[in-house]
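All values reported here derive from a predicted model rather than from experimental measurement. Each ligand, and each atom within it, is numbered from 1 in the order the structure gives.
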Amino acid sequence: MGLKVALLVLALALCACTTSQAHLHCGFYRKTCPAAENIVRQTVKRALKKDSGLVADFIRMHFHDCFVRGCDASILLDSTAKNKAEKDSPINNPSLEGFDVIDAAKASLEKECKGVVSCADIIAFAARDSVALSGGLHYEVPAGRRDGRISRALEADDTLPPPTFNLKQLTKRFAEKGFTQEEMVTLSGAHTLGVAHCTSISDRLYNFSSKLSTDPSLDPAYAATLKNQCPKGSTDPNLTVNLDPPSPLRFDSSYYKDVLVHRGLFESDQALLSSPVTAKQVVANAVDEALFKKKFADAMVKLGQLHVLTDKNGEIRHNCRVVN
Ligand code: HEM
Ligand SMILES: *[C@@H]1O[C@H](CO)[C@@H](O)[C@H](O)[C@H]1NC(C)=O
Ligand SMILES: *[C@@H]1O[C@H](CO)[C@@H](O)[C@H](O)[C@H]1NC(C)=O
């Protein structure tokens, strides 16, 4: 193999940029703001030192941004008198945090290179850094997204999958966004990090159906533990449980091991075991952590390309919370 070909192959392996249909590319800020990715990483690192749980928020934030209207930082816009924004949908508020950290990164970036780095790219970088800092694979993020001007809470309600979804519903929802069923199984592995509010599982524990109070697909011992952590009828909105109790802050295969022993926290997690094809993928990810990490990194790059705004579309917001 000639040197040129070898270098090309290496470049392709390091960066999925050539597969980008959206005209994003790696190192987008190399000339215009060379410190951009480093500034985001340092800001994320500093935030995690204070509150390690935020590592999950940035990954979830990227998902919730990209699934709704594409990766356009619509998740960051504040509500106005006339408009309830995505971040105030019950699916995001109060569970999604870390907006102040994105603001801090943006403020540093505006100082360093005014009006250059989009809020949508900041989220994509922060999600990547969170994956890498918690033990996942470091992947290159094709950048060049621009920020949108619209954010509607109802679209978040209608688009983001609820934890009660079964396999068919999950597969359909992800297919609508261009993902295969296997990519859906892989992206669900993000639930190796973070917490859920008791309100997200109280029906599964106490009000599953007209005949059963508790979901029978949940390991009974685990159900008992969860009931202790989330008492029936509790109205404390701050009560949370770990999504992956064995290693809540490690990006590892542990989530899939949970699912295999019927300790997936949501019905949507446990649903991955409900067909032979997806169950096989769960096993593969459980036993081969490197495989899972690689598949996850690839799926995140793909997630980051959803309906992006580039070039003349969109804008570079000065403040991530308001349109220019
Ligand atoms: C497959 C369908 C999915 C469903 C039904 C779902 C649902 C949920 C729910 C209900 C929560 C808990 C919210 C709360 O009560 O605080 C949660 C948390 C989380 N989700 Fe998902 N999710 C899905 C896919 C994803 C994907 C694709 C990602 C990212 C790639 C993701 C990342 C996360 C993370 C990291 C958390 C923890 C957040 C924290 O600790 O604050 N989820 N998810
Ligand atoms: C139990 O579930 C049903 C059906 O989803 C719902 O209408 C009802 O409000 C729930 N009850 C409680 C106490 O949450
Ligand atoms: C929940 O947490 C918020 C913010 O930390 C706090 O202001 C509030 O008092 C808490 N609510 C309860 C019921 O503990």
Trainee: For atom 35 (C) of ligand 1, grab the closest protein heavy atom and report residue, atom and distance to one decimal in Å.
Mentor: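 The closest heavy atom on the protein side is Ala56 O, 3.2 Å.
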Trainee: Heavy-atom distances under 4.0 Å decide this one: backbone, side chain, both or neither, for Val195 against ligand 1?
Mentor: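 Near ligand 1, Val195 shows its backbone as well as its side chain.
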Trainee: Could you see which bit of Leu170 sits under 4.0 Å from ligand 1, with heavy atoms only: side chain, backbone, both or neither?
Mentor: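 Side chain only; the backbone of Leu170 stays clear of ligand 1.
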Trainee: Is atom 14 (O) of ligand 2 less than 4.0 angstrom from at least one protein heavy atom?
Mentor: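 Yes, because at least one protein heavy atom sits under 4.0 Å from atom 14 (O) of ligand 2.
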Trainee: Would you say Asp252 and Asp244 make side-chain contact, with heavy atoms under 4.5 Å?
Mentor: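 They are in contact (side-chain heavy atoms under 4.5 Å apart), so the answer is yes.
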Trainee: How far is atom 16 (O) of ligand 1 from its nearest protein heavy atom, and which residue and atom name does that atom have?
Mentor: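 The answer is His197 ND1, 2.6 Å.
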Trainee: Less than 3.5 Å between some nitrogen or oxygen of Ser200 and one of ligand 1, yes or no?
Mentor: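 Such a contact does occur with ligand 1.
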Trainee: Compare every heavy atom of His64 with every heavy atom of Ile91, then report the nearest pair and how far apart it is.
Mentor: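 Smallest interatomic distance, heavy atoms only, reads O-CE1, 4.2 Å.
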Trainee: Considering only the protein, which heavy-atom contact is closest to atom 41 (O) of ligand 1, and what is its distance?
Mentor: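 Result for atom 41 (O) of ligand 1: Asp57 OD1, 3.3 Å.
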Trainee: Which class fits the ring pair Phe292 and Tyr256: parallel under 30°, tilted 30 to 60°, perpendicular over 60°?
Mentor: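 The arrangement is perpendicular - the two ring planes meet at more than 60°.
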Trainee: Answer side chain, backbone, both or neither: which part of Ser268 comes under 4.0 Å from ligand 1, heavy atoms only.
Mentor: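 Side chain only.
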Trainee: Quick test of your reading: applying side chain to side chain donor-acceptor pair (under 3.5 Å), list the pairs with at least one residue in residues 122-136, sequence neighbours left out, ordered by first then second residue.
Mentor: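 Sorted result for residues 122-136: Glu37-Arg128.
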Trainee: Starting from atom 8 (C) of ligand 2, find the nearest protein heavy-atom neighbour and note its residue, name and distance.
Mentor: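 Nearest neighbour among protein heavy atoms for atom 8 (C) of ligand 2, to 0.1 Å: Asn207 ND2, 3.7 Å.
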Trainee: Under a 4.0 angstrom heavy-atom cut-off, which atoms of ligand 1 come close to Pro162?
Mentor: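 Reading through ligand 1 atom by atom, the close ones are 5 (C).
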Trainee: Taking 2.8 Å as the distance threshold, tell me the number of protein N/O/S atoms next to atom 21 (Fe) of ligand 1.
Mentor: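 Considering protein N, O and S only, atom 21 (Fe) of ligand 1 has 1 within range.
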Trainee: Is there a heavy atom in Phe174 that sits closer than 4.0 Å to ligand 1?
Mentor: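 Flag set, Phe174 near ligand 1.
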Trainee: Does some side-chain heavy atom of Phe125 sit less than 4.5 Å from a side-chain heavy atom of Tyr29?
Mentor: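 Side-chain contact under 4.5 Å: yes.
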Trainee: Would you mind checking which non-hydrogen protein atom is closest to atom 8 (C) of ligand 1, with the distance to 0.1 Å?
Mentor: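 Looking only at protein heavy atoms, the one closest to atom 8 (C) of ligand 1 is Phe266 CE1, 3.5 Å.
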Trainee: If we only count heavy atoms from C-beta on, is the Glu315 to Val323 side-chain gap below 4.5 Å?
Mentor: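 Sidechains of Val323 and Glu315: in contact.
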Trainee: Regarding Gln270 and Ser217, do their side chains bring together a donor and an acceptor under 3.5 Å, going by distance alone?
Mentor: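 Side chains of Gln270 and Ser217: no pair found under 3.5 Å.
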Trainee: Please tell me whether Asn93 and Lys87 have a donor and an acceptor in their side chains that are separated by less than 3.5 angstrom.
Mentor: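 Distance-only check fails for Asn93 and Lys87.
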Trainee: Decide whether a cation-pi geometry holds between Lys302 and Phe179; the criteria are a distance under 6.0 Å from NZ or CZ to the six-membered ring centre and an angle within 45° of the ring axis.
Mentor: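 Geometry flag: set, cation within 6.0 Å and 45°.
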Trainee: Can you find a pair of side-chain heavy atoms, one from Asp72 and one from Arg146, that are under 4.5 Å apart?
Mentor: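 A side-chain contact is absent here, since even the closest heavy-atom pair is not under 4.5 Å.
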Trainee: For a 4.5 angstrom cut-off between non-hydrogen side-chain atoms, does Thr171 reach Thr278?
Mentor: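 SC-SC contact between Thr171 and Thr278 ruled out.
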Trainee: Is atom 2 (O) of ligand 2 less than 4.0 angstrom from at least one protein heavy atom?
Mentor: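 When distances to the protein are checked, atom 2 (O) of ligand 2 has a heavy atom within 4.0 Å.
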Trainee: List the closest protein heavy-atom neighbour of atom 3 (C) of ligand 1: residue, atom name, distance to the nearest 0.1 Å.
Mentor: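 Residue, atom and distance for the closest contact: Pro161 CG, 3.7 Å.
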Trainee: Is any NZ, NE, NH1 or NH2 atom of the basic residue among Arg263 and Asp258 found under 4.0 Å from an Asp or Glu carboxylate oxygen of the other?
Mentor: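 Looking at Arg263 and Asp258, the cut-off is not met.
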Trainee: Side chains of Lys295 and Asn285: does their closest heavy-atom pair fall under 4.5 Å?
Mentor: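 Lys295 reaches Asn285 side chain to side chain.
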Trainee: Could you check atom 5 (O) of ligand 2 against the protein and tell me its nearest heavy-atom contact, residue, atom and distance included?
Mentor: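 Among all protein heavy atoms, the one nearest atom 5 (O) of ligand 2 is Asp203 OD2, 4.5 Å.
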